[in-house]
Participant: 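After the structure tokens below, expect a handful of questions from me.
Scope of the values below: all heavy atoms of this structure, side chains included, with no hydrogens, waters or symmetry mates.
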Amino acid sequence: MADFVVGQRWVVDAEPELGLGIVVGVDTRVVTLMFPQADCERMYAREKSPLTRIAFDVGEQIHTTDGRTGTVTAVHELNGLKLYDIGEEQLVPELSLASEIKMNQPLLRLQTGQLDAAKWFAFRRQLDRAVARTWQSQLGGLLGVRANLIPHQLYVAHSACNRENVRVLLADEVGLGKTIEAGMILTRLLRFDRVRRALVLVPDALQIQWLVELIRRFNLRPDLYAAEEHDYLTGQIHLVPHSAMTSDERLRELAGEFDLVIVDEAHHIQPGSEPFSLLEHLSAQCHHLILLSATPEQLGVESHFARLRLLDPAKFTSLEEFLAQEQTYGELNQKIRALPKGREQLIRDYQVDPSVDDQQLLDQLLDCHGIGRVMFRNTRASVQGFPQRVAVPHKLEEDSWTAKFEWLANFTRKNPGKKILVICHLVEHVRACEEHLWQKHGIHVALFHENMDLIERDSAAAYFADMERGCQLLLCSEIGSEGRNFQFSHHLVCLDLPDHPDMLEQRIGRLDRIGQRETVSIHIPYAEGSAEQEKLTWYHEVLECIDRQSPAAGAVHDRYWSQLTHTDADKSIWDAARQMRMQLEQQIQEGRDALLEMNSCRQPQAAQLVQTIAEFESETPLALVEQASELFHFHFEETQGGAYSLIPADNMLIPSLPGIPLDGIEVTFDRALANAREDVLFLTWDSPFIIGLWEILHHSDLGSASVAFLPSKQLPPGKCLLETCFDMVIQSAQATACLPFLTDLSVRALVLDVGDKDLSDALPELSFEKSLTPADKKLARKIIQSRKDVLPQWYHKAEKFAEARCKGLLDQAVQRVQAYFSGEAQRLESLARRNPAVNMDEVAALREKEAAIIHALQSQVQVQLSAIRLVVTTAP
């Protein structure tokens with residue numbers, strides 16, 4: 001058990017960023033440390049605590065809390081506490097040491113012969129460069145998503161996160177990937193440490209689907225709601241059903257615990273209800289709010305306006321003003337579409353800089369488009385890659401479920417090898433259909449309904465997706481139209497039609513998605529004169545929402561369906577409904593939605609973002625993982641077709657691999673394969689596995705000291721070069737925000753024993769590494785013993801070179817910070833002069849953040865040795 005004394009200074013082995021801790025309490029089993037740098041207090045078990053006592057030796061430099069710096073000339077001890085003599089009769093008690101620390105453990109390991117393989121040094125440097133490159137790309141949260149690179153999805157996620165407070169309504173049409181957009185935003189905010197705890201509120205039927213999506217697409221593992229036993233204060237992401245908004249009072253009490261709230265199908269939560277009251281409370285407490293709804297105005301403009309007020313109450317103060325502003329959007333849309341005609345009039349009317357080109361003019365006008373700052377709506381008409389779809393009615397002899405089941409059996413036999421998705425509303429009809437097909441025709445199918453658990457549903461979906469050995473039919477209840485994607489099939493059978501066109505669109509959207517390569521056929525069996533025929537005619541001929549998606553279908557259905565008398569007198573209602581649908585579609589096309597579409601996926605920015613990610617991913621982490629498997633001793637080999645087996649081993653140097661199951665998993669570095677096979681893990685530079693390895697190395701001494709030989713004709717045998725790697729450790733709450741502005745997170749210095757120059761540029765690390773040969777540990781330790789007295793001198797030379805390089809990197813980073821924030825602040829200030837949607841508080845927040853980041857880069861960065869390698873020349 002360590003001998004702890006109040007006032008001693010210790011550091012946490014795995015968290016040096018906390019700075020130098022002070023022992024403030026000691027009892028029989030526990031020691032308590034306070035960390036001034038991180039402004040927190042921690043408790044640790046005294047037995048085998050992960051703590052290291054910080055004690056400086058004569059000749060080492062120390063820093064004090066009052067800003068003094070001195071070199072230790074003598075060390076005294078009194079009652080277990082150290083006092084450092086720094087000359088001129090100055091004694092510094094260890095309690096007065098500055099919280100920022102500089103640890104030279106790798107040098108101590110080298111001096112004491114605690115050596116690792118020489119190739120560790122190169123691996124550390126390679127991993128450092130990869131992580132720095134990922135941070136500098138500012139693509140965090142977008143790289144590792146298991147999804148195709150779809151321009152509008154990436155644009156929405158990227159542009160939404162550029163705001164200090166992400167408060168947006170994602171209103172893309174069905175099939176365009178709102179869940180993916182929300183997941184990207186969540187992942188991105190987590191990656192940049194802008195969210196500590198998130199609450200995801202979803203319809204009860206979609207809770208499991210969201211769980212699957214977050215795990216498989218984003219490598220996020222939320223806590224699934226556990227009713228009254230659910231603990232909101234542990235875990236990072238909480239996945240909670242809408243029903244809990246009424247039944248669980250703790251959500252209101254703990255609203256301040258969440259930085260981000262995501263609400264799926266937000267239009268189901270109506271103003272005036274208890275859940276909406278809770279949502280208002282959460283909105284006032286959290287920084288970030290994301291609402292999802294493919295039909296935001298389905299239940300009226302008043303409820304739509306109420307949800308917009310949740311996002312930005314300062315902007316949306318009056319429904320009357322909102323409606324009046326909407327009236328101007330159609331006119332502005334027409335003027336924009338007429339460019340370059342009418343350019344001068346646009347510049348005068350909207351006070352735009354006349355020197356900008358047409359693209360810049362469009363950008364400024366869209367920036368000034370009020371609702372576009374809080375709402376994204378992409379439509380199928382504006383997004384490429386969607387298939388054609390066609391309604392295929394099938395007339396039956398009688399109106400019965402047995403007749404429908406018989407037709408389905410015959411249809412299946414006539415389409416051998418075709419994957420067919422079958423949906424009907426009730427579980428009872430799904431089970432009856434399965435029984436009929438098996439007992440009467442010997443047709444084996446897979447089932448998918450809400451009475452099955454997650455594993456059973458996943459197995460059924462996988463069985464249906466297997467193109468070689470899987471089943472031909474998947475029978476689903478209505479839950480099959482929520483969230484799941486089956487675009488490998490292009491035949492949808494609706495054994496009954498749902499009661500609302502939005503639900504029908506959800507069904508069709510399982511197949512009619514980006515990536516579908518065939519025309520989607522929607523098969524509807526019906527009997528002459530049946531209610532099903534009337535609904536089919538209503539949807540197909542009046543609402544026209546089967547062969548295509550109609551954004552007005554829901555509103556028209558709500559207005560007229562209940563008025564139908566189901567007699568010949570309905571013709572006038574049908575005509576009125578058809579006329580209303582055409583008028584609404586024209587208004588949507590010409591008015592606000594058209595502007596929103598342009599603002600929701602701006603080009604060429606969206607396409608450039610896709611290209612940037614594709615170019616970044618052209619170099620995969622494959623070589624790095626291969627090297628890691630050799631150094632850490634885990635199993636890694638190619639299996640087939642771009643997939644690799646990655647399995648932890650008993651003799652690994654670490655207890656477990658970050659993000660990898662204990663029994664191993666197949667991985668791939670290919671996005672297309674990852675999208676095709678959900679059973680393989682997608683490894684990118686942004687994956688928990690890569691980031692986890694980097695964190696392991698930087699929070700441990702693993703591979704930090706080594707010796708190698710350099711066969712050389714230029715230098716005589718026995719000469720020594722000291723190669724060092726220094727990290728820039730940012731001991732600040734702004735550490736993560738600083739990283740994107742740094743071109744490197746570590747620097748290399750290389751000194752010759754008799755030289756006074758940094759040779760790192762003269763001997764580039766890639767070519768230098770190829771020239772090295774391994775050193776026998778016994779011989780290496782003898783060499784170290786013979787050079788032990790001069791190693792500190794060589795180290796201090798390297799340290800000075802590294803500090804100079806780091807200063808240059810930090811100065812450049814500060815310039816980048818100033819350029820970025822100045823440009824963004826000027827843009828917002830310009831917008832605020834013309835657009836009340838921009839609050840000047842946003843500009844103030846930007847300036848405050850800029851100052852905090854610059855302060856961290858200039859005053860809170862420590863240059864810390866992370867790896868050291870002694871290189872001894874030999875005869876070639």
Participant: Under the criterion side chain to side chain contact (heavy atoms under 4.5 Å, CB included), which of Leu763, Thr874, Leu772, Val872 is the partner of Leu710?
Facilitator: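 For Leu710, the side chain to side chain contact (heavy atoms under 4.5 Å, CB included) check succeeds only for Leu772.
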
Participant: Assign the ring pair Phe689 / Phe634 to parallel, tilted or perpendicular, where the plane angle (0 to 90°) is split at 30° and 60°.
Facilitator: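 Perpendicular: the ring planes of Phe689 and Phe634 meet at over 60°.
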
Participant: Any side-chain heavy atom of Tyr44 sitting closer than 4.5 Å to one from Thr32?
Facilitator: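 Sidechains of Thr32 and Tyr44: no contact.
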
Participant: Any luck finding a side-chain donor-acceptor pair between Gln860 and Ser732 under 3.5 Å?
Facilitator: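 Yes.
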
Participant: Is any side-chain heavy atom of Val863 less than 4.5 Å from a side-chain heavy atom of Glu799?
Facilitator: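 They are not in side-chain contact.
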
Participant: Distance alone, cut at 3.5 Å: any donor-acceptor contact between the side chains of Thr134 and Asp686?
Facilitator: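 Thr134 vs Asp686: no donor-acceptor pair found between side chains.
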
Participant: Residues two or more places apart in sequence or in another chain: which of them pass salt bridge (Lys or Arg N to Asp or Glu O under 4.0 Å) with Glu765?
Facilitator: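 Salt bridge (Lys or Arg N to Asp or Glu O under 4.0 Å) list for Glu765, sorted by chain: Arg125, Arg129.
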
Participant: Would you call Trp794 and Leu752 a side-chain contact if the rule is heavy atoms closer than 4.5 Å?
Facilitator: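 No, too far: nothing below the 4.5 Å cut-off.
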
Participant: With the threshold set at 4.0 Å, does a side-chain nitrogen-carboxylate oxygen contact exist between Glu630 and Lys119?
Facilitator: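 Counted as a salt bridge, because a side-chain N and a carboxylate O are separated by less than 4.0 Å.
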
Participant: Report the distance from atom CG of Leu809 to atom OG1 of Thr743, rounding to the nearest 0.5 Å.
Facilitator: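 If I round to the nearest 0.5 Å, the distance is 4.5 Å.
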
Participant: So, using side-chain contact (heavy atoms from CB on, under 4.5 Å) as the criterion, who are the partners of Gln858 when residues are at least two apart?
Facilitator: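 Gln858 satisfies side-chain contact (heavy atoms from CB on, under 4.5 Å) with Val814, Ile854 once adjacent residues are dropped.
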
Participant: Applying salt bridge (Lys or Arg N to Asp or Glu O under 4.0 Å), can you list everything that pairs with Asp758, at least two apart in sequence or on another chain?
Facilitator: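 Partners of Asp758 by the salt bridge (Lys or Arg N to Asp or Glu O under 4.0 Å) criterion, ordered by chain and then number, come out as Arg805.
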
Participant: Among all residues two or more places apart in sequence or in another chain, which pass the side-chain contact (heavy atoms from CB on, under 4.5 Å) test with Asp776?
Facilitator: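 With neighbours one apart ignored, the set is Lys778, Leu779.
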
Participant: Which of parallel (below 30°), tilted (30 to 60°) and perpendicular (above 60°) describes His698 and Trp694?
Facilitator: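 Ring orientation of His698 relative to Trp694: tilted.
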
Participant: Could you work out, with salt bridge (Lys or Arg N to Asp or Glu O under 4.0 Å) as the rule, every residue matching Asp116, not counting sequence neighbours?
Facilitator: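 Expected list: Arg109.
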
Participant: With sequence neighbours excluded, what pairs up with Thr724 under the side-chain contact (heavy atoms from CB on, under 4.5 Å) test?
Facilitator: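 side-chain contact (heavy atoms from CB on, under 4.5 Å) check on Thr724 returns Leu722, Phe726, Ala749, Ala798, Leu865, Ile868.
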
